[in-house]
Amino acid sequence: MFALADVNSFYASCEKVFRPDLRNKPVVVLSNNDGCVIARSKEAKLLGIKMGIPWFQLKAMMFSVPVMAFSSNYELYASMSNRVMAHLEELAPQVEQYSIDEMFLDIRGINRCIDFEEFGRQLRRHVSVGTGLTIGVGMGPTKTLAKSAQWASKEWPQFKGVLALTPANNRRTEKLLSLQPVEEIWGVGRRIAKKLNAMGIITALDLARTHPAFIRKNFSVVLERTVRELNGESCISLEEAPPAKQQIVCSRSFGERITTYEAMRQAVCQYAERASEKLREERQYCRHISVFIKTSPFALNETYYGNLASEKLITPTQDTRDIIAAAVDALNKIWVDDHRYAKAGIMLNDFTPTGVSQLNLFDERQPRLRSDELMRVLDDINHSGLGKVWFAGRGISPEWQMKRQMLSPAYTTRWKDIPVATL
DNA sequence: TCTGGGGTCCTAGGACCC
DNA sequence: TCTGGGGTCCTAGGACCC
């Protein structure tokens, strides 16, 4: 048996925890650059505010009560996420962090001591008391069914956020699946839902009753797994240790459009620096570096331009200097003047756990001397909290930097931002 | 004026090998 | 007239997740 615990309106709830004055008020959280809505409190949902609506449109709308908006504060959310996970780990033997606000728990055998749903309510209380956040809990014999249960626990308030589907109560599972549209199933997105609907497969129960071989032939092994999971056959297991990353991406939209090569080179250098740091945190070396740049796909009166170029290194590296050099080479292949660029990014691929590789017999390039030591010194300074050092290529406080004009304090991670209680 | 970021997995097709 | 079979590796693109 699996349980899925997820935090209700996670980002919006984090903003509310330290702002009791916002209790029962509509709150939304915006994407980077304060672009669009990515999280809504219960009250904001009731006002009919849709996910993904651009902030400039929402700002112009009139509501019966004022809507409070926040720029996204990932420092705060990551720290609150750790608190939630720590509380769940106190009550469950094996856990897998699935996303910033979701956790799968292995709850096999727990019903020998306590009823599944009673255990769910216990998890809920424990997290609520310890963090101020409310979780919903769905349980089932497979991850997919736990997800469906969790969906239903939100859909019907009478479950009060806790619902268990057990093999013993098959009628309940069928009832639920007959009420769940296919596009609400974990692993079924818009495209596949449309194709399924065209075949007359409308509900989760319809899908569960379709032959796995038919699904494999017309879709893929991924959806076949979903069908099996809906029937209680567990195909996706709990993964306690996250597998090593295969790719690192660092990309961002600009606060203001970029029109000059020099500004773009700075942006690409900055992303390359950040991506290199992540690579060293993963203790990996990479051999493949790609850079992409693009104009806004929404600008109707401009011609769209987007392109990607890659560099392949002979020797794997985790040295920021190598990665910046490769990134700039890649940028030079695709840069075109006279566009208003909206976004750029870098991707690192083809990882190996060490920097050693078979050198080409005729390779004239010498490996960098003491690269690992230099990078360690760099990372130590930047993690020390005492100061920051960086490569000159990225420039100083450029105007295209991300905009976050409604940022909340780092309540849990910065001494000067800690809330003070007064009597 | 203004529309997010970071991942995974699978598949098809081409290059190349014996 | 008529041009193999079986395999691997790589890449690009499409689907999904949060």
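Residue numbers begin at 1 in each chain, while the letters A, B, ... track the order of the sequences.
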Inset, instruction - Write down the distance between OH (A/Tyr77) and P (B/dG5), rounded to a whole number of angstrom. - result: 15 Å

Legend entry - Within the 6.0 Å centroid threshold, strictly below: A/Tyr261 and A/Tyr341: no

Inset, instruction - Please state whether the phosphate of B/dG6, meaning OP1 or OP2, lies under 4.0 angstrom from any side-chain nitrogen or oxygen of A/Ser251. - result: yes

Inset, instruction - Without swapping roles, check the side chain of A/Asp319 against the backbone of A/Arg321 for a donor-acceptor pair under 3.5 Å. - result: yes

Legend entry - Any A/Arg287 side-chain N or O less than 4.0 Å from OP1/OP2 of C/dC10: no

Inset, instruction - Tell me what A/Ile100 touches on the nucleic acid: a base, only sugar-phosphate, or nothing, going by heavy atoms under 4.0 Å. - result: nothing

Inset, instruction - Could you check whether A/Lys343 gets within reach of a base, just the sugar-phosphate, or nothing at all, counting any heavy atom under 4.0 Å? - result: sugar-phosphate

Inset, instruction - Find which nucleotide of DNA chain B each of A/Val221 and A/Cys36 is nearest to by heavy atoms, and output the residue with the more 5' nucleotide. - result: A/Cys36

Inset, instruction - Report yes if a side-chain nitrogen or oxygen of A/Arg252 is closer than 4.0 Å to either non-bridging phosphate oxygen (OP1 or OP2) of B/dG5; otherwise report no. - result: no

Inset, instruction - Check whether any side-chain N or O of A/Lys403 sits under 4.0 Å from OP1 or OP2 of B/dT1, and answer yes or no. - result: no

Legend entry - Contact under 4.0 Å: A/Arg257 side-chain N or O vs B/dC2 OP1/OP2: yes

Inset, instruction - Report yes or no: do A/Ser99 and A/Asp101 form a side-chain donor-acceptor pair below 3.5 Å? - result: yes

Inset, instruction - Provide, to the nearest angstrom, the distance between the CD atom belonging to A/Glu282 and the C1' atom belonging to B/dT8. - result: 14 Å

Legend entry - Selected nucleotide, minimal atom distance to A/Ser99 side chain, candidates B/dT3, C/dC18, C/dA15: C/dC18

Inset, instruction - Output yes when at least one side-chain N/O atom of A/Gln247 is less than 4.0 Å from OP1 or OP2 of B/dC9, else no. - result: no

Legend entry - Atom-pair distance (CD on A/Glu239; P on B/dT8), nearest Å: 12 Å

Inset, instruction - Calculate the interatomic distance between A/Leu300 atom CG and B/dC2 atom C1'; express it in whole Å. - result: 13 Å

Inset, instruction - Between C/dC18, B/dG6, B/dT3, spot the one nearest the side chain of A/Lys278, thanks. - result: B/dG6

Inset, instruction - Taking only the side-chain heavy atoms of A/Glu102 (C-beta and beyond), determine which of B/dG4, B/dT3, C/dC18 contains the nearest atom. - result: C/dC18

Inset, instruction - Answer with base, sugar-phosphate or nothing: what part of the nucleic acid does A/Gln57 contact at a heavy-atom distance below 4.0 Å? - result: nothing

Inset, instruction - Measure up the A/Trp186 and A/Phe104 rings against each other and bin them: parallel (under 30°), tilted (30 to 60°), perpendicular (over 60°). - result: tilted

Inset, instruction - Step through the shown structure and confirm whether more than 12 heavy atoms of other residues, nucleotides or ligands are within 6.0 Å of NZ on A/Lys175. - result: no

Inset, instruction - Can you tell me the distance, in whole Å, between the CH2 atom of A/Trp400 and the C1' atom of B/dG4? - result: 16 Å

Inset, instruction - Specify the residue among A/Pro243 and A/Arg216 whose closest nucleotide of DNA chain B lies further upstream toward the 5′ end. - result: A/Pro243

Inset, instruction - Tell me what A/Lys194 touches on the nucleic acid: a base, only sugar-phosphate, or nothing, going by heavy atoms under 4.0 Å. - result: nothing

Legend entry - Rounded distance in Å - CD (A/Gln246) to P (B/dG7): 12 Å

Inset, instruction - Report yes if a side-chain nitrogen or oxygen of A/Lys147 is closer than 4.0 Å to either non-bridging phosphate oxygen (OP1 or OP2) of C/dC17; otherwise report no. - result: no

Inset, instruction - May I ask you to verify if any side-chain N or O of A/Ser220 is less than 4.0 angstrom from the OP1 or OP2 atom of C/dA15? - result: no

Legend entry - Interatomic distance at P, C/dC18 relative to B/dT3, whole Å: 25 Å

Inset, instruction - Please work out if A/Trp55 contacts a base, only the sugar-phosphate, or nothing of the nucleic acid, heavy-atom cut-off 4.0 Å. - result: nothing

Inset, instruction - From the options B/dG4, C/dC17, B/dC2, select the nucleotide whose nearest atom is closest to the side chain of A/Tyr98. - result: C/dC17

Inset, instruction - Measure from the side-chain N and O atoms of A/Ser290 to the backbone N and O of A/Ser310, and report whether any donor-acceptor pair falls under 3.5 Å. - result: no

Legend entry - Cation over ring face, A/Lys195 and A/Phe219, 6.0 Å, 45°: yes

Legend entry - Whole-Å distance separating the CG atom of A/Asp34 from the C1' atom of B/dT3: 12 Å

Inset, instruction - Using a 4.0 Å heavy-atom cut-off across all strands, classify A/Ile192 as base, sugar-phosphate, or nothing. - result: sugar-phosphate

Inset, instruction - Return the nucleotide paired to B/dC18: Watson-Crick means purine N1 to pyrimidine N3 with N6-O4 or O6-N4, wobble means G-U with N1-O2 and O6-N3, both under 3.5 Å. - result: C/dG5

Legend entry - Sidechain N-carboxylate O distance under 4.0 Å for A/Glu75, A/Arg414: yes

Legend entry - Side chain of A/Val249 (C-beta onward), nearest among B/dG4, C/dC18, B/dG6: B/dG6

Legend entry - Phosphate contact (B/dC9 OP1 or OP2) by A/Arg225 side-chain N/O below 4.0 Å: no

Legend entry - Whole-Å distance separating the CG atom of A/Asp6 from the C1' atom of C/dC18: 11 Å

Inset, instruction - Report which part of the nucleic acid A/Asp101 touches: base, sugar-phosphate, or nothing (heavy-atom distance under 4.0 Å, all strands). - result: sugar-phosphate

Inset, instruction - Mind checking A/Leu223 for me? I need base, sugar-phosphate or nothing, with any heavy atom below 4.0 Å counting as a touch. - result: nothing

